[in-house]
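A short worksheet on the structure shown next.
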Amino acid sequence: MASITLRALRRRIGPVSTSNSRSISTLVVGEHEGGKVKLSCLSAVEAAKSLSKDNSISLLLAGSGSSLREAAAIAASRHPSVSQVLVADSDIFTHPLAEPWAKLIHLIQQTGNYSHVVASSGSFGKNILPRVAALLDVSPITDVVEISDSHIFVRPIYAGNALSTVRYSGAGPCLLTVRSTSFPVAPIFDDSKSKEAPISQVDLSTFSEESIGKSRYVKLASQETERPDLGNARVVVTGGRGLKNAENFKMIEKLAEKLGAAVGATRAAVDAGFVPNDLQVGQTGKVVAPELYMAFGVSGAIQHLAGMKDSKVIVAVNKDADAPIFQVADYGLVGDLFEVIPELLEKLPEKK
């Protein structure tokens, strides 16, 4: 089967400049859970490092209780690029509601006068940063995949089929959301030692309960699973509309358990009710770049390819030899997934 390479078109706006007209300081909006800083947050720190060699990076963590304190201690000691950790300790920030978080960042920006504000391009960052941009009266730059200079960025357009190089010329702070998969985090070993960054408490004396706004937290519905997180997994097994129903989709889950992999799904599978929408991979779902991506019954719609084509190795199984997924696959098998998956389940050893 002939291999077709997708070529990205890059549109440049103005000449690329490497000079910084002002000192660079960055506020990274961090996420934490269970006393640990999320990997997507560390990817945002990696992106902030690319803005300037002399960049002063402040990491903001908000919430309450021991989980926040543990995450702050880890962030201060485990990443050498973090200059300081800002902690906003209040029950208002226990849940990631956009209104209080946006006003918190606005408050910190007024006192810190940062040149850049960076967040990961997940549901958390996409929910909060546009509201922050409105409060600061600036235009955010979203889904950044490459940083050429402190004010020149590359982002995908046309569902990832083209890359656009944009220059930020606003007078206020530059707000960015960055794709975590484009800024991988270097391994940090337990015996590695780095200078511990100071931890500072954010003054919330002027922060009122009115900042919560009109939205309120109701509940969190999630599935208990031992599988790795979809956004950070080394191996992802994805099923599409070709599985026909939710009962058949359980074959994907069984295969993922054998491989120690995360489960993904196409938008068509999610819309059909096979699996919850938090498993969707694609432009309107999660963007992943695992070491191995396996797609079963996935035709390869453009919005799905935008979310997984940066995977290191892509394996596709589809009975349609002309399916677009084969254009980006490293290995392709034209076959019936209802025969291929049971054979894999039979021959693969159990996960140790």
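This structure is a prediction, so every number in the text was calculated from the model and none was measured.
Atom-to-atom distance recorded for I105:CD1 and L135:CG is 9.5 Å, nearest 0.5 angstrom. Here the OG1 atom belonging to T26 is positioned 3.5 Å from the CG atom belonging to N55, to the nearest 0.5 angstrom. Remark: Q109 CD to S115 OG distance equals 8.5 Å, nearest 0.5 Å. Taking CG of L61 as the start and OG of S67 as the end, the distance is 9.5 Å to the nearest 0.5 Å. Here K126 contributes atom NZ and S121 contributes atom OG; the two are 4.0 Å apart, rounded to the nearest 0.5 Å. To the nearest 0.5 Å, atom NZ of residue K319 and atom CG of residue L337 are 8.0 Å apart.
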Check against side-chain contact (heavy atoms from CB on, under 4.5 Å), V117 and L129: CA-CA 9 Å; V117 179; L129 222 64; 4.0 Å; yes
Full working for side-chain contact (heavy atoms from CB on, under 4.5 Å) between R155 and V145: CA-CA 5 Å; R155 63 181 302 274; V145 297; 5.6 Å; no
Check against side chain to side chain donor-acceptor pair (under 3.5 Å), T284 and Q303: CA-CA 7 Å; T284 55; Q303 84 93 22; 3.2 Å; yes
Output, in order, the C-alpha distance, side-chain angles, deciding distance and verdict of side-chain contact (heavy atoms from CB on, under 4.5 Å) for F338 and M251. CA-CA 9 Å; F338 294 105; M251 292 193 301; 3.5 Å; yes
Evaluate the criterion side chain to side chain donor-acceptor pair (under 3.5 Å) for residue pair D310 and T181; output intermediate values, then yes/no. CA-CA 8 Å; D310 290 332; T181 55; 5.1 Å; no
Determine whether L59 and C41 satisfy the following criterion, side-chain contact (heavy atoms from CB on, under 4.5 Å), listing intermediate values before the conclusion. CA-CA 9 Å; L59 176 61; C41 167; 3.5 Å; yes
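No path of Ile, Leu, Val, Met, Phe, Trp and Tyr side chains, each step under 4.5 Å between heavy atoms, connects V287 with V237, placing them in separate hydrophobic clusters. In the hydrophobic clustering of this structure, I74 does not group with L39; members are Ile, Leu, Val, Met, Phe, Trp, Tyr whose side-chain heavy atoms approach within less than 4.5 Å, directly or through other members. The hydrophobic clustering, which links ILVMFWY residues whose side-chain heavy atoms are closer than 4.5 Å, places I325 and I302 apart. Cluster membership for Y331 and L348, using ILVMFWY side-chain heavy atoms within less than 4.5 angstrom, is shared. Cluster membership check: V313 shares its hydrophobic cluster with L259, using side-chain heavy-atom separations under 4.5 Å among Ile, Leu, Val, Met, Phe, Trp and Tyr.
With respect to E247 and K250, a salt bridge is recorded, a charged nitrogen being found less than 4.0 Å from a carboxylate O. Salt bridge E99/K103: absent, no basic N to carboxylate O contact under 4.0 Å. For E257 and K254, the salt-bridge test fails: no basic side-chain N is under 4.0 Å from an acidic carboxylate O. A salt bridge is absent between K312 and E291; no separation between the charged side-chain nitrogens and carboxylate oxygens falls under 4.0 Å.
Between the side chains of T238 and Y293, at least one donor-acceptor pair of N or O atoms lies under 3.5 Å. Side-chain atoms of S120 and E31 include a donor-acceptor pair closer than 3.5 Å. One side chain, D91 or S64, offers a donor N or O that lies under 3.5 Å from an acceptor on the other. If you check the side chains of S50 and E46, you find no donor sitting under 3.5 Å from an acceptor.
Counting only heavy atoms from C-beta outward, the side chains of V166 and I141 approach each other to under 4.5 Å. In this structure, the side chains of N248 and F274 stay at 4.5 Å or more apart for every pair of heavy atoms. The shortest side-chain heavy-atom distance between D89 and L68 falls under the 4.5 Å cut-off. In this structure, P173 and Y114 have side chains that are not in contact, with every pair of non-hydrogen atoms separated by 4.5 Å or more. The shortest distance between side-chain heavy atoms of V154 and I147 does not fall below 4.5 Å. Taking 4.5 Å as the limit, every side-chain heavy atom of S52 sits out of range of all side-chain heavy atoms of S150. A heavy-atom distance below 4.5 Å is found between the side chains of L345 and L255. Side-chain contact between S164 and Y158: absent, with no pair of heavy atoms (C-beta onward) separated by less than 4.5 Å.
What you find for L279 and L230 is that their closest heavy atoms are O-CD2, 3.6 Å. Scanning all heavy atoms of the two residues, the minimum distance from P276 to V270 falls at O-CG2, 3.9 Å. Scanning both residues, V288 and G231, for their nearest heavy atoms gives CG1-CA, 4.3 Å. Across all non-hydrogen atoms, the minimal contact from T177 to T142 is OG1-CA, 3.1 Å. Of all the heavy atoms in S58 and L86, the pair that sits closest is CB-CD1, 4.3 Å. Here the shortest heavy-atom pairing between D203 and L107 reads O-CD2, 3.8 Å.
D330 places a side-chain N or O within donor-acceptor distance of the main-chain N or O of I314, the cut-off being under 3.5 Å. Remark: side-chain polar atoms of H32 are paired, donor with acceptor, to backbone N or O of A62 under 3.5 angstrom.
Counting non-hydrogen atoms of neighbouring residues, nucleotides and ligands closer than 6.0 angstrom, the CD atom of E33 reaches no more than 12 such neighbours. For Q110, the CD atom is densely surrounded, since the number of other residues' heavy atoms within 6.0 Å is greater than 12.
Aromatic ring centres of F296 and F249 lie farther apart than the 6.0 Å criterion allows.
By the 30° and 60° cut-offs, the orientation of the rings of W101 relative to F93 is perpendicular.
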